[in-house]
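To start, the structure itself, in structure tokens.
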Amino acid sequence: IRNHLILGFEEIRELPELTNDVAFRLIGKTCPTSILFCGCPDQWAPLSHMEELKELKSKAQISNIHCVYMESLTHDFVVHPQMIEPV
């Protein structure tokens with residue numbers, strides 16, 4: 001459990017406030033990308049990021065990036081015992 005908490009804390013601390021539109025422009029030029037946003041609260045992929053992507057797409061600043069929201073899904077970690085050392 002300690003490892004999960006440390007990992008989650010590090011990811012939330014490093015979560016960008018704004019979407020990196022440069023990265024999405026580069027990705028969109030080379031391959032179509034779908035992003036699945038899960039039900040709230042999702043601290044790792046907040047709905048504000050989806051709204052930013054939709055706005056960038058409506059202004060033709062990014063392309064080939066498709067966003068889908070599914071209220072019934074929960075964003076979570078999956079860790080198999082062989083992936084981590086026992087504490």
Side-chain angles (χ1 to χ4, degrees):
I1 293 177
R2 180 175 176 235
N3 290 343
H4 287 269
L5 293 173
I6 291 170
L7 179 61
F9 179 71
E10 287 177 8
E11 284 192 1
I12 289 174
R13 190 174 55 213
E14 295 173 6
L15 185 69
E17 299 249 347
L18 300 173
T19 302
N20 185 345
D21 60 317
V22 174
F24 281 109
R25 270 189 249 133
L26 293 171
I27 292 168
K29 284 181 182 179
T30 58
C31 72
T33 303
S34 295
I35 304 171
L36 178 60
F37 287 85
C38 301
C40 292
D42 187 347
Q43 298 165 333
W44 292 275
L47 290 180
S48 61
H49 286 192
M50 182 178 74
E51 297 303 326
E52 284 182 55
L53 290 172
K54 286 182 176 182
E55 184 177 336
L56 290 169
K57 193 171 181 178
S58 73
K59 294 177 179 178
Q61 293 178 348
I62 61 171
S63 61
N64 274 337
I65 306 292
H66 309 283
C67 298
V68 176
Y69 173 73
M70 293 188 74
E71 176 78 31
S72 60
L73 292 181
T74 301
H75 189 157
D76 209 348
F77 291 107
V78 176
V79 179
H80 300 280
Q82 64 269 25
M83 295 169 63
I84 58 171
E85 293 182 29
V87 177

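For the numbers below, each heavy atom of this structure counts, side chains included, while hydrogens, waters and symmetry mates do not. This structure is a prediction, so every number in the text was calculated from the model and none was measured.
Follow the hydrophobic side-chain contacts under 4.5 Å out from M50 and you reach I35 in the same cluster.
Here the straight-line distance linking atom CG of L36 with atom CE of M70 works out to 6.5 Å at 0.5 Å rounding. Taking CD of E55 as the reference point, atom CD of Q61 lies at 8.0 Å (rounded to 0.5 Å). Distance OG/S63 to CG/L56: 11.5 Å, rounded to 0.5 Å. For the atom pair CD1 (I62) and NZ (K54), the distance works out to 11.5 Å, reported to the nearest 0.5 Å. Rounding to the nearest 0.5 angstrom, the gap separating the CZ atom in F24 from the NZ atom in K57 is 12.0 Å.
Listed by chain and residue number, C31, T33, I65 satisfy the side-chain contact (heavy atoms from CB on, under 4.5 Å) test with I27 (two or more places apart in sequence, or in another chain).
Looking at every heavy atom in both residues, P46 comes nearest to F37 through O-CE2, 3.7 Å. The two atoms that bring N64 and G28 nearest to each other are ND2-O, 3.0 Å, heavy atoms only.
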Next on the checklist: Working note: L53 + C67, criterion side-chain contact (heavy atoms from CB on, under 4.5 Å); need CA distance, chi angles, decisive distance, verdict.
Outcome noted: CA-CA 8 Å; L53 290 172; C67 298; 3.7 Å; yes

